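Given the structure is predicted, the values throughout are model-derived calculations rather than measurements.
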Amino acid sequence: MKDWKQFFKDKQIRVIDHSDPEVLGTAMASFAVDDTLCESIGRSSNEVACRFWVHDNTVVLGIIDSRLPAVDDAVVFLQEKGFDVVVRNSGGLAVVLDRDVLNFSFVVPDLDEMGIHSGYELMTAFVQDMYGDLTDGIEAFEVVGSYCPGDYDLSIGGKKFAGISQRRVKKGIAVQIYICVRGSGAARAELVRDFYRVGRSIDDERFAYPEVEPDTMRSLSELVGKELTVEDSIDRVLRLLGDVQYTDLAGDELAIFEKRMTQMVERNQKALK
């Protein structure tokens, strides 16, 4: 699914703007919203959603992170650094969010052409076009030494600035990306490296946690030599999408959100007792 334009052609595009960190507060709500959109978008074949989300200092953990030998100490370490800690409802490992990290999700129906890699390829191609005036060097491959490494890490010159995840709920697919727009990518990586050290990841024989090397990560601003902003990146998305309809959750989506939010809260209470 490298031709995102063809996929979006003739589809109604909803835009949900949660880029103000005050709107949702906790990042738990963002994952609940995307699950909600998966349920509603999954009932349609010609509607897609694009949702922007930004959160204040937060480290989002994967389920495996919550099983670190000394996870309680590691969570306290993050909290003392001024970070909220949230366990997401999908795969992957720890990532850092702050006001200079743009997250956006494409929520699409699970159509026949959306194979397991299609969402990742769609988002990769979109971001390459999104910043095409600044660089033609954005590549997708696993950057060993980065936090939350995966086959669809986005990097320039081998330095990672973004990561893509995918979640399937009912008949909908949420393709989620975080983009470190500005600030120090290495400083964010140092925080995650120290989180794993405090959590004694090296002592865990069940799971292979990443050995984070801060030098593997940068922000996009650092890589292109230009001071970019989250707002500029949102504008770039909207320019590529063209004709869109601004909405928020409404109707039966509100009830679905309440259910999904309750599940997120219970998951976090259980994971981070």
(request) Write out all pairs satisfying side-chain hydrogen bond (donor to acceptor under 3.5 Å, both in side chains) with one or both partners inside residues 91-100, taking only residues at least two apart or from two chains. (result) E22-R99, D56-R99, D98-R188, D100-R182
(message) Is there a path of hydrophobic side-chain contacts, each under 4.5 Å between heavy atoms, that joins V71 and M28?
(response) yes
(request) May I ask you to decide if L93's main-chain N or O and R88's side chain share a donor-acceptor pair within less than 3.5 Å? (result) yes
(message) Would you say that M130 contacts F104 through its side chain, given a criterion of any heavy-atom pair below 4.5 Å between the two side chains?
(response) yes
(request) Can you tell me which residue pairs pass the salt bridge (charged side-chain N to carboxylate O under 4.0 Å, His left out) test with a partner in residues 130-145, sequence neighbours excluded? (result) D133-R236
(message) Would the distance check show the side chain of S44 and the main-chain N or O of I41 forming a donor-acceptor pair, the cut-off being under 3.5 Å?
(response) no
(message) Checking side-chain polar atoms at under 3.5 Å, does N89 have a donor or acceptor matched by the opposite partner on Q263?
(response) no
(request) Decide whether I202 and V144 are clustered together by the hydrophobic rule: side chain heavy atoms of Ile, Leu, Val, Met, Phe, Trp, Tyr closer than 4.5 Å, transitively. (result) no
(request) Could you state whether V265 and V23 fall into the same hydrophobic cluster, counting links through intermediate Ile, Leu, Val, Met, Phe, Trp or Tyr residues with side-chain heavy atoms under 4.5 angstrom apart? (result) yes
(request) Flag yes if L78 and L272 sit in one hydrophobic cluster, no otherwise; membership is Ile, Leu, Val, Met, Phe, Trp, Tyr, and two members link when side-chain heavy atoms are under 4.5 Å apart. (result) yes
(message) Surrounding CD of Q79 (heavy atoms of other residues, nucleotides or ligands, distance under 6.0 Å), is the total greater than 12?
(response) yes
(message) Keeping T58 on the side-chain end and V60 on the backbone end, is there a donor-acceptor pair under 3.5 Å?
(response) no
(message) For Y209, is there any backbone N or O sitting under 3.5 Å from a side-chain donor or acceptor partner on S201?
(response) no
(message) Please list all pairs meeting ring pair (Phe, Tyr, Trp, His ring centres under 6.0 Å) that have one or both residues in residues 140-188, counting only residues at least two apart or in different chains.
(response) Y120-Y152
(request) Considering non-hydrogen atoms only, spot the tightest contact between A94 and C148 and give its length. (result) O-CB, 3.7 Å
(message) Let's go through N46 and D10 carefully: what are the C-alpha distance in whole Å and the side-chain angles of both, what is the deciding distance for side chain to side chain contact (heavy atoms under 4.5 Å, CB included) to 0.1 Å, and is it a yes or a no?
(response) CA-CA 7 Å; N46 65 347; D10 300 327; over 6 Å; no
(request) Drop me the distance from S19's OG to L102's CG, to the nearest 0.5 angstrom. (result) 8.0 Å
(message) Heavy-atom count check: over 12 atoms from other residues, nucleotides or ligands less than 6.0 Å from L111 CG?
(response) yes
(message) Within the structure provided, determine whether L61 and L68 are in side-chain contact (heavy-atom separation under 4.5 Å).
(response) no
(request) Salt-bridge test for D34 and R167: reply yes if a basic N is under 4.0 Å from a carboxylate O, no otherwise. (result) no
(request) Please round to the nearest 0.5 Å and tell me the distance separating atom OG of S221 and atom CG of D232. (result) 9.0 Å
(request) Compare all side-chain heavy atoms of V86 with those of N268 and state whether any distance is below 4.5 angstrom. (result) yes
(message) Does any part of the side chain of F8, heavy atoms only, come nearer than 4.5 Å to the side chain of F106, both counted from C-beta?
(response) yes
(request) Would you check if F52 and L238 make a side-chain contact, meaning some heavy-atom pair closer than 4.5 Å? (result) yes
(message) Please give me the minimum heavy-atom distance between S30 and L24, naming the atom from each residue.
(response) OG-CD1, 3.5 Å
(request) Begin from the C-alpha positions of F77 and L191 and carry the test side chain to side chain contact (heavy atoms under 4.5 Å, CB included) through to its verdict. (result) CA-CA 10 Å; F77 163 77; L191 181 74; 4.2 Å; yes
(request) Taking all heavy atoms of S146 and all of D153, pick out the closest pair and write down the distance. (result) OG-OD2, 3.7 Å
(message) Taking NZ in K170 as the centre, count heavy atoms belonging to other residues, nucleotides or ligands within less than 6.0 Å. Is the count above 12?
(response) no
(request) Calculate, to the nearest 0.5 Å, the distance between atoms NZ and OG belonging to K171 and S40 respectively. (result) 14.0 Å
(request) Not counting sequence neighbours, list each pair that qualifies as a salt bridge (charged side-chain N to carboxylate O under 4.0 Å, His left out) and has a residue in residues 252-265. (result) R14-E253, D35-R260, E39-K259, E39-R260, R43-D252
(message) Strictly below 4.0 Å, N to O, side chains only: are K5 and D3 in salt-bridge contact?
(response) no
(request) For L249 and L37, run side chain to side chain contact (heavy atoms under 4.5 Å, CB included): C-alpha distance rounded to whole Å, both residues' side-chain angles, the deciding distance at 0.1 Å, then the answer. (result) CA-CA 8 Å; L249 299 185; L37 290 171; 3.8 Å; yes
(message) A side-chain contact here means heavy atoms from C-beta on lying under 4.5 Å apart; do S233 and I179 qualify?
(response) no
(request) Locate the shortest heavy-atom distance separating M217 from A189; write the atom from each residue and the value. (result) SD-CB, 4.0 Å
(request) Starting at CD1 of I16, measure out to OG1 of T247 and round the result to the nearest 0.5 Å. (result) 4.5 Å
(request) Could I get the full list of side-chain hydrogen bond (donor to acceptor under 3.5 Å, both in side chains) partners for R200, not counting sequence neighbours? (result) D203
(message) Using side-chain heavy atoms (C-beta onward) and a distance below 4.5 Å, is E222 in contact with S184?
(response) yes
(request) State, to 0.1 Å, how close I116 and R168 come at their nearest heavy-atom pair, and which atoms those are. (result) CA-NH2, 3.6 Å
(request) Without swapping roles, check the side chain of Q128 against the backbone of I138 for a donor-acceptor pair under 3.5 Å. (result) yes
(request) Answer whether the closest heavy-atom distance between the side chains of Y131 and V127 falls below 4.5 Å. (result) yes
(request) Looking only at non-hydrogen atoms, find the nearest pair between V230 and V181 and report the distance. (result) N-CG1, 3.9 Å
(request) Check whether any side-chain N or O of N103 sits under 3.5 Å from a backbone N or O of W53 as a donor-acceptor pair, and report yes or no. (result) yes
(message) To the nearest 0.5 Å, what is the distance between CZ on F126 and CG on L241?
(response) 4.5 Å
(message) Please report the interatomic distance CZ(F257) to OG1(T262), rounded to the nearest 0.5 Å.
(response) 9.0 Å
(message) Go through it in stages, so that I can follow the logic: the residues are N57 and D84, the test is side chain to side chain contact (heavy atoms under 4.5 Å, CB included), and I'd like the CA-CA distance, side-chain angles, deciding distance and then a yes or no.
(response) CA-CA 6 Å; N57 291 356; D84 190 19; over 6 Å; no
(message) Once side-chain hydrogen bond (donor to acceptor under 3.5 Å, both in side chains) is applied, do any residues pair with D112, and if so which ones, sequence neighbours excluded?
(response) none
(request) Indicate if V107 and V169 have the same hydrophobic cluster label, given that clusters are the connected sets of ILVMFWY residues with side-chain heavy-atom separations under 4.5 angstrom. (result) no
